[in-house]
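Read through the structure below, which is laid out as structure tokens, and then see the notes.
Just the heavy atoms: all of them, side chains too, but no hydrogens, waters or symmetry mates, feed the values below.
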Amino acid sequence: MLEEVLTTDLHLREAKKKIESLWANGIDFSKQEVEEAKKNNRLLLLDMDFTSECQLHCYYCDRTPDRFQQEGRTKLTTEDRKNLILQAKALGARTVEFPGSGEPMIDEGFWEVMEFVYENGMTPVIFTSGWHLDDASIDRLYNLGATIFLKYNSTSHEVNDKIVKVKGYGAYVETILNKLVKKGFTESIPTRLAIDIVIAPQNEDIDDLSHIYRWCRRNNVHHYISTLIPEGLADRKSKLYEKNRAKKFIEHFYQIDREEFGLDYTPSLPMAGGYKCRQVNVGLFVNLYGEVYDCNGLGRFLGHIRVNTLEEIWNAKYAKHVREEEQEGHCEVRSRVWDETELKGFDRKLEEYKEWEIKNNAVDEVLLKGLYHRENKNELVNSSQDK
């Protein structure tokens, strides 16, 4: 049972002035902040993978082989991650996000990196199943200023167990969710707690999802709700179905916001609640092996940190092109599938670059060097990091 804790509606009143007040601390990038960052060429967010290990077996997992198959590639070390954090900070980053590629808390360097982010005055944002959270780790993450995105797909313990294929998970994660609220993660504006929900056929109960949605609004919990990202195990054939399903749910939640909470905004795919992802304009994602992309959905390949610095990749020709148009919630990872691309796997991640290369009669040396390094595993190339 989800417990009611918050006794104020200040977050809702603030959201009527600025919808980002209902997003999660660390990813609450407004349109104005993005425009200012673009004007000053600032990176605001570093997105980075931890271990690929995970005790859960979610059938909708969107990880592609880029994120978990080693294939002779060298994984990032704790020192590598700390170095990248300093590079990102020098470019203006205020947030370091850890989406996976497995369960971040399993990584042996997890706590050392969390401490390092905090010591450098940045916000750590952690996507977790909650399976490895307990009272001690909740206290520690709270004191480190962390924002938590907790997997929670249904109020039904049985449904949650079925989705992750682990018995007892549903009851445990609900206990953890209530503990996070009681600890005070929801007392700030924006909140430091989000529920990460993937709407899939197994939990497509509109009444239950609406109950969770309303609870989030009342208790200042950000709801990160979307349908399947068509990558990895979730790369389904029913592309149009997923797009239409997303539209249906987003419109439903918008009606709840407008009629019950007095919140008005322009709903847009693919996220519910007026949330517009802007990572492509202000962030970079580094996977487990140092490959750099525009987002953690493995959108577009940009380079490799074994070959170039983060600054060189950020300022490369193609990376600048990717950031030119304001993202405003648009999800390229989903759109390229919804638009019926015939390409699979890593070829999808290079599709737009090849079109850009032909159109502009130009090449991006940073991207090409990174691609060469990726395809030739650990073969040495001319690296600015080794000079």
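Looking at heavy atoms from C-beta onward, Trp111 lies in side-chain contact with Leu144 at the 4.5 angstrom threshold. Using a 4.5 Å heavy-atom cutoff, the side chains of Arg278 and Glu326 are not in contact. The side-chain heavy atoms of Asn160 and Val164, taken from C-beta on, include no pair separated by under 4.5 Å. Thr8 has its side chain within reach of Arg13: a pair of non-hydrogen atoms, C-beta onward, lies under 4.5 Å apart. For the pair Trp356 and Val322, the minimum side-chain heavy-atom distance is 4.5 Å or more. Between Arg218 and Trp215 the shortest side-chain heavy-atom distance falls below 4.5 Å. Using a 4.5 Å cut-off on side-chain heavy atoms (C-beta onward), Leu10 and Asn220 make no contact. Side-chain contact between Glu97 and Asn296: present, with at least one pair of heavy atoms (C-beta onward) separated by less than 4.5 Å.
How far CD1 of Ile106 is from OG1 of Thr128: 8.5 Å, rounded to the nearest 0.5 Å. Taking CZ from Phe253 and CZ from Arg214, the interatomic distance works out to 9.5 Å, rounded to the nearest 0.5 Å. To the nearest 0.5 Å, atoms CD1 (Ile27) and OG1 (Thr147) are separated by 8.0 Å. The distance from atom CG of Leu86 to atom CG of Leu310, rounded to the nearest 0.5 Å, is 11.0 Å. To the nearest 0.5 angstrom, Phe249 atom CZ is 13.0 Å from Tyr213 atom OH. Atoms NE2 and CG, from His373 and Leu368 in turn, are 15.0 Å apart once rounded to the nearest 0.5 Å.
Phe116 does not carry Arg81 over the face of its six-membered ring by the limits of under 6.0 Å from the centre and within 45° of the normal.
Checking Ser30 against Glu20 by side-chain atom types alone, no donor-acceptor pair falls below 3.5 Å. Between the side chains of His252 and Ser210, at least one donor N or O lies within less than 3.5 Å of an accepting N or O. Side chain to side chain, Asn219 and Glu4 meet the donor-acceptor criterion of an N or O pair below 3.5 Å. Side-chain contact annotation: Glu311 with Thr309, donor-acceptor N/O pair under 3.5 Å absent. With hydrogens and angles left out, the side-chain atoms of Gln32 and Glu36 include no donor and acceptor closer than 3.5 Å. Side-chain contact of Asn83 with Glu79: a donor-acceptor pair under 3.5 Å is absent, judged by distance alone. Asp49 and Tyr289 share no side-chain donor-acceptor pair at under 3.5 Å.
Under a 4.0 Å N-O distance rule, the pair Lys359/Glu352 does not qualify as a salt bridge. Comment: Arg348 does not engage Glu351 in a salt bridge, judged by the lack of any side-chain N to carboxylate O separation of less than 4.0 angstrom. Between Glu33 and Arg94, at least one side-chain N (NZ, or NE/NH1/NH2) sits under 4.0 Å from a carboxylate O, which counts as a salt bridge. Taking a cutoff of 4.0 Å between a charged side-chain nitrogen and a carboxylate oxygen, Lys354 and Asp347 do not qualify as a salt bridge.
Checked against a 6.0 Å centroid threshold, the rings of Phe127 and Tyr224 count as neighbours. Here the two rings, on Phe301 and Tyr353, have centers that are 6.0 Å apart or farther.
Remark: side-chain polar atoms of Gln327 are paired, donor with acceptor, to backbone N or O of Val280 under 3.5 angstrom. Judged by distance alone, the side chain of Arg323 and the main-chain N or O of Trp314 form a donor-acceptor pair under 3.5 Å.
In terms of heavy atoms, Ile126 sits closest to Ala146 at CD1-CB, 3.7 Å.
Within a 6.0 Å sphere centred on CD of Glu119, other residues, nucleotides and ligands contribute more than 12 heavy atoms. For NZ of Lys183, the number of neighbouring non-hydrogen atoms (other residues, nucleotides, ligands) closer than 6.0 Å is greater than 12. Atom NZ of Lys182 has 12 or fewer heavy atoms from other residues, nucleotides or ligands within 6.0 Å. More than 12 heavy-atom neighbours from other residues, nucleotides or ligands sit within 6.0 angstrom of OH on Tyr265.
At a threshold of 4.5 Å between side-chain heavy atoms, the hydrophobic network of Ile, Leu, Val, Met, Phe, Trp and Tyr places Leu284 and Leu44 in two separate groups.
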*Could you walk me through whether Arg306 and Arg374 pass side-chain contact (heavy atoms from CB on, under 4.5 Å), step by step?*
CA-CA 9 Å; Arg306 304 291 188 196; Arg374 179 189 185 277; over 6 Å; no

*asked:* One pair to check against side-chain contact (heavy atoms from CB on, under 4.5 Å): Ile19 and Lys276. What are the steps and the verdict?
replied: CA-CA 10 Å; Ile19 193 66; Lys276 288 184 171 62; over 6 Å; no

_For Leu263 and Lys16: C-alpha separation, side-chain torsions, deciding distance, then whether side-chain contact (heavy atoms from CB on, under 4.5 Å) applies._
CA-CA 6 Å; Leu263 298 171; Lys16 291 176 183 177; 3.9 Å; yes

